[in-house]
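Chain letters run A, B, ... following the sequence lines, proteins first and then strands; every chain starts at 1.
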Protein chains: 2
Amino acid sequence: MPSEFEIIQRYFSRPARHALLGVGDDAALLRTDAGAVLAVATDMLLEGRHFAKGAEPRALGHKALAVNLSDMAAMGATPRWATLALALPHANEDWIAAFADGFYALAERFDVDLIGGDTTRGPLTICVAILGEVPAGLALMRSGARPDDDIWVSGELGGAAYALHDAGNAAAASRLHQPEPRVELGEKLRGIAHAAIDVSDGFAQDLGHILERSGVGAVVHYALLPKFPCGDAQLQRRCVLAGGDDYELLFTAPQSARRELEVLSAALRLALTRVGSIRSGEAKLQLLDALGKSMATGRGFDHFA
Amino acid sequence: MPSEFEIIQRYFSRPARHALLGVGDDAALLRTDAGAVLAVATDMLLEGRHFAKGAEPRALGHKALAVNLSDMAAMGATPRWATLALALPHANEDWIAAFADGFYALAERFDVDLIGGDTTRGPLTICVAILGEVPAGLALMRSGARPDDDIWVSGELGGAAYALHDAGNAAAASRLHQPEPRVELGEKLRGIAHAAIDVSDGFAQDLGHILERSGVGAVVHYALLPKFPCGDAQLQRRCVLAGGDDYELLFTAPQSARRELEVLSAALRLALTRVGSIRSGEAKLQLLDALGKSMATGRGFDHFA
């Protein structure tokens with residue numbers, strides 16, 4: 001059985017390309033770009049909570065990093081460095097090798113360095129911290145939405161949640177297990193979007209965070225929401241409005257940016273859909289059906305509800 | 001029962017004093033000092049592995065941050081910002097309030113901002129990532145030890161490990177549950193020490209990391225090691241050499257620094273003890289007893305051994 005140090009040496013010591021010192025000391029050392037602000041976030045995934053027992057390790061390595069990259073995308077930050085704390089029930093080398101492959105494959109696509117971590121024995125737990133850079137003054141915060149902004153969503157909503165209802169649907173499974181963080185979109189939205197968040201807890205709840213932080217309301221037309229095809233209309237509504245884990249970007253932008261966003265959508269080959277608009281007043285979401293009648297928004301994900 | 005967002009709002013939203021944006025968005029935003037290098041580390045603590053079920057929450061909050069501050073100390077870095085990912089089996093507000101108090105009390109002593117995190121339900125797990133700053137070129141790495149350097153240790157060794165053998169010993173219990181990270185010492189060692197590490201896995205193993213990284217050997221005199229009083233000599237040897245969790249600093253420095261280190265020891269009111277010296281050659285620790293005979297070093301902690 002490999003030791004803790006052998007595990008790190010064999011599977012988690014690829015050279016850091018953009019750090020002064022990577023894995024192997026008490027801390028990593030790095031230098032940020034002059035003029036850039038550092039963005040920092042962390043997300044923890046637990047077996048039985050965020051993924052099922054027996055989940056495919058390569059996909060898990062991907063997802064653990066993807067959900068953190070998505071936080072960078074939602075800030076308009078360019079992800080640069082990550083740490084990985086990993087608790088493993090036993091040192092199964094095949095499992096670890098596949099997990100590391102999934103993690104590094106995504107890291108290398110976005111030129112992100114794994115610079116440090118912690119390995120311990122325990123119930124399977126993955127905690128990533130991510131560091132990125134964003135030019136000073138251009139970060140996309142939840143608090144920036146203004147009255148008359150358009151509300152936009154990337155990609156489609158509901159696919160990840162639908163995967164839990166239709167295990168045979170490969171497209172839905174891929175949304176759930178191999179989410180694609182919208183990093184390039186986040187970077188391109190700098191200077192265009194007023195506010196942004198990633199859809200991790202459900203569209204209605206995540207839009208609610210923007211409304212609260214910005215002190216504004218919103219009107220959204222359910223018919224306009226880009227929906228993953230789910231068959232049953234009622235189930236689809238639940239998946240689209242309250243299903244989490246899609247990791248699409250939800251953002252607001254001035255009406256004057258419509259043409260620019262259409263061009264961006266084409267350039268990125270990524271659907272960007274205008275679904276409603278920001279209103280002054282109470283931080284409340286008014287969701288309208290095709291007849292203009294109010295709909296219930298459902299509840300998003302709360303770990304302690 | 002409070003929601004995930006209420007927990008964060010009530011217990012983990014004290015204002016960040018040194019960040020552009022703290023808890024509450026997709027990521028925190030901060031700016032590093034020009035001329036400083038950023039040091040980054042992470043440590044995860046699990047119930048049943050790093051602490052016993054039913055551990056006192058205030059002490060846990062302290063320890064989760066302390067072990068990370070200790071990584072900064074071992075790099076000679078000044079800790080500045082931390083993130084906290086927390087899995088809780090249930091939302092017990094008394095527990096959370098006490099944990100947060102322990103965490104913030106230590107954070108405030110060192111002027112460290114809690115800037116973000118993640119809260120989820122699961123087996124009690126605490127993962128902290130820490131960011132600090134160190135002037136360019138002055139970080140204390142494991143790789144800097146040179147032949148003829150003195151080997152020094154702060155404080156006393158073995159107390160934390162001894163606490164597991166004598167539950168009634170309050171001084172030992174305090175070493176285990178409320179370790180004091182040697183942050184000021186780490187900062188003062190910039191420009192003096194050649195190499196440093198914190199004693200988390202046991203003296204012999206942690207010194208071994210310096211020897212491997214530096215490509216040097218060492219001679220250490222057991223009689224010189226500063227020892228927590230443990231009663232039994234054999235148990236004491238095990239606790240001092242192979243017991244982890246002391247979080248003292250182990251460092252090497254040129255002989256010319258002896259006077260300076262004695263003055264520093266007095267200024268910090270912290271024992272600094274010279275225990276041996278670095279030798280050229282194979283990365284091996286030669287441990288000598290009072291008669292100059294070789295002693296076994298024992299095994300340090302390995303989570304997968």
Side-chain angles (χ1 to χ4, degrees), chain A residues 1-5 7 20-21 24-32 34 37-44 46 48-50 71-72 74-75 77 81 83 85 87 90-91 115-123 125 127 129-132 134 136 139 141-143 196-198 213 302-305, chain B residues 1-5 7 20-21 24-32 34 37-44 46 48-50 71-72 74-75 77 81 83 85 87 90-91 115-123 125 127 129-132 134 136 139 141-143 196-198 213 302-305:
Chain A
M1 176 127 47
S3 76
E4 179 183 347
F5 307 101
I7 291 172
L20 303 170
L21 183 68
D25 213 300
D26 294 293
L29 296 173
L30 53 93
R31 199 190 288 278
T32 56
V37 160
L38 197 70
V40 183
T42 186
D43 264 309
M44 184 154 70
L46 288 89
R49 190 81 196 162
H50 301 89
D71 282 326
M72 294 292 99
M75 292 305 283
W81 305 279
T83 62
H90 38 75
I115 54 169
D118 190 18
T119 312
T120 185
R121 190 189 283 227
T125 308
C127 185
I130 187 100
L131 286 79
V134 56
M141 290 184 271
R142 297 179 180 180
S143 55
I197 192 170
D198 64 331
R213 289 258 154 191
D302 176 351
H303 282 288
F304 294 96
Chain B
M1 175 129 44
S3 76
E4 179 184 347
F5 306 101
I7 291 172
L20 303 171
L21 183 67
D25 213 300
D26 295 292
L29 296 174
L30 52 92
R31 200 189 288 279
T32 56
V37 160
L38 197 71
V40 183
T42 186
D43 264 308
M44 182 154 71
L46 288 89
R49 189 82 196 164
H50 301 89
D71 282 325
M72 294 292 99
M75 292 305 282
W81 305 279
T83 63
H90 37 75
I115 54 169
D118 189 18
T119 312
T120 184
R121 189 190 285 226
T125 307
C127 185
I130 187 99
L131 285 78
V134 55
M141 290 184 269
R142 297 179 180 180
S143 56
I197 191 170
D198 63 330
R213 290 259 155 192
D302 177 351
H303 282 287
F304 295 95

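Of the atoms belonging to A/L29, heavy atoms from both backbone and side chain fall under 4.5 Å from chain B. For A/A77, no part sits under 4.5 Å from any heavy atom of chain B, backbone or side chain. Looking at B/A129, the atoms closer than 4.5 Å to chain A (heavy atoms on both sides) all sit in the side chain, from C-beta outward. Neither the backbone nor the side chain of A/I130 comes within less than 4.5 Å of any heavy atom of chain B.
Of the residues considered (A/R31, A/M72, A/M75), A/M75 shows the highest number of contacts with chain B, using heavy-atom pairs under 4.5 Å. Per-residue heavy-atom pair counts under 4.5 Å with chain A were compared for B/G116, B/G117, B/S143, and the maximum is reached by B/G117. Most heavy-atom pairs under 4.5 Å with chain B: of the set A/L30, A/I197, A/I115, this distinction falls to A/L30.
Between the B/D118 side chain and the A/M44 main chain, a donor and an acceptor come within less than 3.5 Å of each other.
Using a 4.5 Å heavy-atom threshold, the side chains of B/V37 and A/L21 count as separate. Under the 4.5 Å side-chain criterion, counting only non-hydrogen atoms from C-beta, B/R121 is not in contact with A/L46. For the pair B/L38 and A/L131, the minimum side-chain heavy-atom distance is below 4.5 Å.
Residues that satisfy the side chain to side chain donor-acceptor pair (under 3.5 Å) test with A/D26, not counting sequence neighbours, are B/R142.
Residues A/T32 and B/T32 bring a donor and an acceptor atom of their side chains to less than 3.5 Å of each other.
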